[in-house]
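Since the structure comes first, as structure tokens, the remarks are kept for the end.
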Amino acid sequence: MVWTSKLRTTLCLVVLVLLSACSVSYKFNGASIDYSKTKTIQIAEFPIRSSYVWGPMGPLFNNELKDHFASHTRLIQVKQNGDLKIEGEITQYQQRNKSVSAEGYSAQTELSMTVNVRFTNNKKHSEDFERQFTATATYETTQSLNSVQEELVTQMTKDLCDQIFNATVANW
């Protein structure tokens, strides 16, 4: 009985020592940033270079991108000389028929938005890249583009911002 009590006490002490010595850190935003080295980010305005344009698309995208980094990281947004730099342009905004009905008419239309992104990591230039990201959304052809455009562009903008975030600071 004494041996069991000593074993139990020793086991409890070992568990307590291990728990106090170990530290587990979880990041739920997906960012893998070393904040001791990387403190600032510079996000330039993305101009629209697409031949087809919806007016509010530019400001909607630019604001969402900045808000995404502000809410998911502790990086300070600066106008110039950022540790990280994101710039680019909206290169394509288009719609195309996606599916055809039995009668031979378009049943669904796909709207797509493409941005070209240049990323510079001034702390680790091996992570620099230039890449295009595309998001799509589909709507029924019975609906007019005007009636669904804001919702679809908002949805595509969020998708693009997630893709850019993952490629730049989440290392996915």
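Count residues from 1 along the sequence. All values below come from the heavy atoms of this structure, side chains included, with hydrogens, waters and symmetry mates left out. For clarity, every value in this text was computed on a predicted model and none was experimentally measured.
Legend: residues meeting side chain to side chain contact (heavy atoms under 4.5 Å, CB included) with E150, ordered by chain and number and at least two apart, are W54, T154. The side-chain hydrogen bond (donor to acceptor under 3.5 Å, both in side chains) check on N97 picks up S106, with sequence neighbours excluded. For Y93, the ring-ring contact (aromatic ring centres under 6.0 Å, His included) test picks out Y52, with sequence neighbours left out. Residues passing the salt bridge (charged side-chain N to carboxylate O under 4.0 Å, His left out) test with K158, sequence neighbours excluded: none. Q143 is linked by a side chain to side chain contact (heavy atoms under 4.5 Å, CB included) to Y139, E140, S147, V148, counting only residues two or more places apart in sequence or in another chain. Taking the side-chain hydrogen bond (donor to acceptor under 3.5 Å, both in side chains) definition, one finds that E45 meets it with N62, K66, sequence neighbours left out. Residues satisfying the side chain to side chain contact (heavy atoms under 4.5 Å, CB included) criterion with Q94, sequence neighbours excluded, are Q92, S112. Shown here are the side-chain hydrogen bond (donor to acceptor under 3.5 Å, both in side chains) partners of S36, two or more places apart in sequence or in another chain: D34. For Q155, the side chain to side chain contact (heavy atoms under 4.5 Å, CB included) partners at least two apart in sequence or on another chain are A137, L152. For the side-chain hydrogen bond (donor to acceptor under 3.5 Å, both in side chains) test, residues two or more places apart in sequence or in another chain that qualify with D128 are H125.
Q163 CD to Q132 CD: the interatomic distance, rounded to the nearest 0.5 Å, is 11.5 Å. Between atom CD of residue E64 and atom CG of residue D159 there is a gap of 11.0 Å, rounded to the nearest 0.5 Å. Going from atom NZ of K98 over to atom CG of L111 covers 11.5 Å, rounded to the nearest 0.5 Å. With rounding to the nearest 0.5 angstrom, the CG atom of L75 is 12.5 Å from the CD atom of Q42.
Taking both residues in full, the closest heavy atoms of V53 and M57 are given as CA-CE, 4.4 Å, listed atom of the first, atom of the second, then distance.
A perpendicular orientation is assigned to the rings of F133 and F129, their planes being inclined by more than 60° (bins at 30° and 60°).
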List, one per line, each side-chain donor-acceptor pair under 3.5 Å for residues 83-91, sequence neighbours excluded.
{"unit_1": "D83", "atom_1": "OD2", "unit_2": "K39", "atom_2": "N", "d": "2.7"}
{"unit_1": "D83", "atom_1": "OD2", "unit_2": "T40", "atom_2": "N", "d": "3.1"}
{"unit_1": "D83", "atom_1": "OD2", "unit_2": "T40", "atom_2": "OG1", "d": "3.4"}
{"unit_1": "E89", "atom_1": "OE1", "unit_2": "R118", "atom_2": "NH1", "d": "3.4"}
{"unit_1": "E89", "atom_1": "OE1", "unit_2": "R118", "atom_2": "NH2", "d": "3.3"}
{"unit_1": "E89", "atom_1": "OE2", "unit_2": "N116", "atom_2": "ND2", "d": "2.9"}
{"unit_1": "E89", "atom_1": "OE2", "unit_2": "R118", "atom_2": "NH1", "d": "3.1"}
{"unit_1": "T91", "atom_1": "OG1", "unit_2": "T114", "atom_2": "O", "d": "3.3"}

